Amino acid sequence: MNKANAQVHAPYNFAPYPNKVPPPWRTKTYIDVPFEDGVCGEIQFELTNSTPLMIGGEYIDGQPISFYSIDGKPVIPGSSIRGMLRNVAEIVSFSKFQHFNDAYPTLRDTSDLFYINQLGIKKSNKSIKAGWLTFDQESKSYRLLPCQFARMHIAEIEKGLGCSRLKKQSDAAEKYEITKSFCPVIGFNEGGKNQRGETIAVFGTEQEGRVVFTGEGENKVKEYIFYSDANNSISIPLATVQAFHTIYGKGGTENSPLAKLKALLKKATGVKGLPVFYTLNKDNEVAYLGLSKMIKLPPKHSVKDLRLPYPSSDSNLDIAELLFGCVADEDDSQSHALKSRLSVADMRHLKGERVEKPISVVLQQPSASYFPAYLQQSEGNTENKLSRRQVNYHTEEKARLRGFKRYPVQKNVDLQPAEPAQSDEESKSEDTNENIRKHILPLKVGATFSGKIRFHNLHPREIQLLCWLLTWGGDESLSHNLGMAKPYGYGAVKTKITAMHLEENKHPGQWKDCTLEVVPKAAAFEKWMESATQNSWKNSDTIKELLAMAKGIDSHNEKIKYMTLKKHTSSKAKDVGKNRSLGHALPAFTRLFEKELK
């Protein structure tokens, strides 16, 4: 693979967490206690999109997603603008890194030496065992009833159960629905061993077992038969059970693989428990549990574990929290709840057209599990091909999160996004899943909206921060990102303050037109940040990366697109035979596009 193909790239990047954090101008604020130097007022502003814009409205099954509207007219909710501004405010004011999904990234990669060693599959394929997971009401604990397992072709299962279309179903629960039974009984004969030493089963009458479906995705040609249950069950360490529920339960959601199987088990008769695979450690204790033979290993560190603590204390309020408010953390008795002192009204549509025909896009929930991008792999993430082995969520070495995730602004964006380029080899195995494809009705380029931000009892520096956020400090080449389909370049918007009226608490009722003070106030914010960080604000990696991403890059540059699955896989460190590599990393935005940004 050549260097260009090995390079990690994505439509997102990161503004790194700052090394220096300025103190907030107050330790606490109040909505109903006026500050001597407090200011009330209103900012009127306009927003124009330079790439297609999509704010999702009501979703009706089978119909395209329309732009959010009220009384048939496009509207941008105030909450969307508020979130857009707060995200940038947290970065430029060097506030806490606190808004993230506390993901629990798992490992399931047979090219990874750690994975191979932990499951013991390098020494023997027999290290993965099968059994029934049960709950003992008397001891209030989970136990495991071991059994044997064999592999059976899906055609043999359909013959034995008198059903069809199993191969076309995307997950285990759907296959059980077709068989009209959870883990149905089937007769079979042993037909030798496969290359991995697993018993091959064919439909017959010599033995009886139960059919076990595993995994997700269509076109699986072989499944499992569990048979010859042991007489006695074995205990399972609590930590192993907890990890299993966290991984497969996905936070207790009803649509998780574990929840679906538990619901089927509850209705079933004669089934002794949930069918699982497991491994034993050197002390003969159950080490890992999984719903398929390729068991997912739990991480040593979750996303929250790797978050850098706030330099002073997480319980101290930062600049963004003081302005936008915050909710108390139920798990932290020292945390605060604070009401915001500003409100953003819904933005009215002034001009602009919707597209006539729906646009087809693939939209998925982002995940922090791809560690070559989300974890810092080198100082400043300046390296592409690493000089040391990748750090991930499973290594003993505790990694550092890259920082605030951002979708760089894209220019010259096509209304209908192009599909990622694929080689002939990749296209055979990478079919686009229509289940995750959405059809949307965005606004064309050039739509304009007007809106207002009203505020009460703000500190003068908070006014300065608001002016900076809405003008990027006076730099008209920079844009915000808003709405859906950001990976395709959608949602690049520019904001412009059209009027600002202020009332000082010291002079109630005396309103002033301060529109001409917007640029000086934005400059004052920069000056204060430089002073608070010992002249290291604008030259910090945090601000350099943020501003570079806000300036943007051409959307047709391959390095601003997602990688194909083949390239994605090849970027990770490998330990297969003699094919060993240290892996690659997603470089910082300014490094990845160093030539283009000159």
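Positions are given from 1 along the sequence. Source: prediction; values computed, not measured.
Judged by distance alone, the side chains of Ser340 and Arg82 do bring a donor and an acceptor atom under 3.5 Å apart. Under 3.5 Å, the side chains of Gln416 and Ser360 contain no donor-acceptor pair of N or O atoms. Counted by atom type alone, Asp414 and His556 present one or more donor-acceptor pairs between their side chains at under 3.5 Å. Using a 3.5 Å distance cut-off with no hydrogens or angles, the side chains of Glu462 and Gln464 do not pair a donor with an acceptor.
Side-chain contact check for Lys452 versus Ile43: every heavy-atom pair is 4.5 Å or farther apart. At least one side-chain heavy atom of Tyr490 sits under 4.5 Å from a side-chain heavy atom of Leu415. By the 4.5 Å heavy-atom criterion applied to side chains, Ile560 and Pro408 are counted as neighbours. Between Trp468 and Val519 the shortest side-chain heavy-atom distance does not fall below 4.5 Å. When side chains are defined from C-beta on, Pro16 does not count as touching Arg402, because their heavy atoms never get closer than 4.5 Å. Side-chain atoms of Pro77 and Ile55, non-hydrogen and from C-beta on, do get closer than 4.5 Å to each other. Using a 4.5 Å heavy-atom threshold, the side chains of Thr106 and Leu297 count as separate. Looking at heavy atoms from C-beta onward, Thr471 lies out of side-chain contact with Glu476 at the 4.5 angstrom threshold.
Residues Met529 and Thr533 approach most closely at O-OG1, 2.7 Å, considering heavy atoms. The nearest pair of heavy atoms linking Val409 to Ser479 is CG2-O, 3.7 Å. The nearest pair of heavy atoms linking Phe324 to Ala89 is CE1-CB, 3.8 Å. Summarising the geometry of Ala320 relative to Ser95, their closest heavy-atom pair is N-OG, 3.3 Å, with the distance given to 0.1 Å. Residue Ile91 comes nearest to Leu546 through the heavy atom pair CG2-CD2, 3.9 Å, listed as atom of the first residue, atom of the second, then distance. The two residues Leu47 and Met347 have their closest heavy-atom pair at CB-CE, 3.8 Å.
At distances below 3.5 Å, not a single donor-acceptor pair connects side-chain atoms of Gln118 with backbone N or O atoms of Tyr115. Not a single donor-acceptor pair under 3.5 Å links the side chain of Gln44 to the backbone N or O of Ser450. Judged by distance alone, with hydrogens and angles left aside, the side-chain atoms of His501 form no donor-acceptor pair with the main-chain N or O of Cys514 at under 3.5 Å. Side-chain atoms of Arg454 never come within 3.5 Å of backbone atoms of Ala345 as a donor-acceptor pair (strictly under, hydrogens ignored). Checked by atom type and distance alone, the side chain of Tyr488 pairs as donor or acceptor with a backbone atom of Val362 at under 3.5 Å. Counting only distance, with no hydrogens or angles, the side chain of Lys438 and the backbone of Pro64 share no donor-acceptor pair below 3.5 Å. Side-chain atoms of Arg86 never come within 3.5 Å of backbone atoms of Ile81 as a donor-acceptor pair (strictly under, hydrogens ignored). Checking side-chain atoms of Gln390 against main-chain N and O of His584 turns up a donor-acceptor pair under 3.5 Å. A side-chain donor-acceptor contact under 3.5 Å links Arg341 to the backbone of Leu322. Although no hydrogens or angles enter the test, the distance criterion places no donor-acceptor pair under 3.5 Å between the side chain of Tyr393 and the main chain of Ala399.
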From CA spacing to verdict: side chain to side chain contact (heavy atoms under 4.5 Å, CB included), Thr515, Glu517
CA-CA 5 Å; Thr515 307; Glu517 298 178 20; over 6 Å; no

With side chain to side chain contact (heavy atoms under 4.5 Å, CB included) as the test, would you mind laying out the steps for Leu443 and Phe67 before giving the verdict?
CA-CA 7 Å; Leu443 296 182; Phe67 196 95; 3.7 Å; yes

Test side chain to side chain contact (heavy atoms under 4.5 Å, CB included) on Gln377 and Val391 and set out the steps.
CA-CA 6 Å; Gln377 301 294 342; Val391 176; 3.9 Å; yes

Please lay out, stage by stage, how Phe14 and Asn381 fare under the test side chain to side chain contact (heavy atoms under 4.5 Å, CB included).
CA-CA 10 Å; Phe14 300 85; Asn381 258 68; over 6 Å; no

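In this structure, the separation between NZ on Lys339 and CG on Leu342 is 12.0 Å, given to the nearest 0.5 Å. Distance check, rounded to the nearest 0.5 Å: OG1 of Thr495 to CE of Met84 gives 5.5 Å. Thr590 OG1 to Lys551 NZ: the interatomic distance, rounded to the nearest 0.5 Å, is 13.5 Å. To the nearest 0.5 Å, atoms CD (Glu379) and OG1 (Thr382) are separated by 8.0 Å. Tyr68 OH to Asp346 CG: the interatomic distance, rounded to the nearest 0.5 Å, is 6.0 Å. Note that CZ of Arg108 and CD1 of Ile247 are 10.5 Å apart. Values are rounded to the nearest 0.5 Å.
With Phe45 as the aromatic partner, Lys496 does not meet the cation-pi criteria of under 6.0 angstrom to the ring centre and within 45 degrees of the ring axis.
For the side chain to side chain donor-acceptor pair (under 3.5 Å) with Arg406, the qualifying choice from Asn13, Asn87, Asn481 is Asn87, the only one to do so. Exactly one of Thr51, Ile359, Asn49, Ile65 qualifies for a side chain to side chain contact (heavy atoms under 4.5 Å, CB included) with Pro442. That residue is Ile359. A side chain to side chain contact (heavy atoms under 4.5 Å, CB included) with Leu53 is found for one member of Val445, Ile76, Thr48 and no other, namely Ile76.
Remark: aromatic rings of Tyr374 and Tyr370 are distant, center separation not under 6.0 Å. Separation of the His349 and Phe449 ring centroids falls under the 6.0 Å cut-off.
Checked for salt-bridge contact, Glu526 and Lys538 meet the test: a charged N lies under 4.0 Å from a carboxylate O. Using a 4.0 Å cut-off between charged side-chain N and carboxylate O, Lys559 and Glu596 make a salt bridge. For Glu90 and Lys96, the salt-bridge test fails: no basic side-chain N is under 4.0 Å from an acidic carboxylate O. Between Arg591 and Glu594, at least one side-chain N (NZ, or NE/NH1/NH2) sits under 4.0 Å from a carboxylate O, which counts as a salt bridge.
Within 6.0 Å of atom CZ in Arg348, 12 or fewer heavy atoms from other residues, nucleotides or ligands are found, so the atom counts as exposed in its surroundings.
Ring geometry, Phe593 versus Phe589: the interplanar angle falls from 30° to 60°, so the pair is classed tilted. Aromatic ring orientation, Trp537 versus Phe525: perpendicular (interplanar angle above 60°, classes split at 30° and 60°).
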